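Before any comments, here is the structure.
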Amino acid sequence: MFSLVFMGGGDYLATAEVFSAISIILLMNAVASYVHCPSNISRISRAAAWLFTLFVLLNARRHGTAYIPILYLLSQLLWLYALVKLHLVAKDKFNKTGQESL
């Protein structure tokens, strides 16, 4: 990312936003495609990824539209909900070791 600053020419902020959006979508899809992830959490994570993709595409075309931030907020809330649910599932599934209980 830092090498893009020294290359000259182009919109660096837009390039950084694209790489950031790609990394967020990859993280959401990683949870969705995890083999041991429950199907309901996987569906929520996929929905969050699609809503975020829709947000990125609409934000690139129409700046300042009122519903675009709502798409972002909804996708992030779904993503956080999926992560919390996945944490609770993992917490119930795996017993605490002696080190964790200290």
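As the structure is a computational prediction, the values presented were derived from the model and not from experiment. Residue numbers count from 1 along this sequence.
- Both Y81 and L86 belong to a common hydrophobic cluster when Ile, Leu, Val, Met, Phe, Trp and Tyr are linked at side-chain heavy-atom distances under 4.5 angstrom.
- Listed by chain and number, the hydrophobic cluster partners of I70 come to none, as no ILVMFWY side chain reaches under 4.5 Å of it.
- Atom OH of residue Y72 and atom CG of residue L77 lie 10.0 Å apart, to the nearest 0.5 angstrom.
- If you take CG on N29 and CD1 on I24, they are separated by 12.0 Å, rounding to the nearest 0.5 Å.
- For the pair W79 and A48, the tightest heavy-atom approach, listed with the atom from each and the gap, is N-CB, 3.8 Å.
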Which donor-acceptor pairs under 3.5 Å do side chains of residues 37-44 form with protein atoms, sequence neighbours excluded?
residue, atom, partner, partner atom, Å
S42, OG, A32, O, 2.6

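- Every residue meeting the side chain to side chain contact (heavy atoms under 4.5 Å, CB included) condition with L71, not counting sequence neighbours, appears here in chain and number order: L51, L54, F55, L58, Y67.
- By the rule that hydrophobic residues join a cluster once side-chain heavy atoms approach within less than 4.5 Å of another member, W50 and V56 end up as members of separate clusters.
- Shown here are the side chain to side chain contact (heavy atoms under 4.5 Å, CB included) partners of V84, two or more places apart in sequence or in another chain: L88.
- Annotation: the span from F52 atom CZ to L74 atom CG amounts to 13.0 Å, rounded to 0.5 Å.
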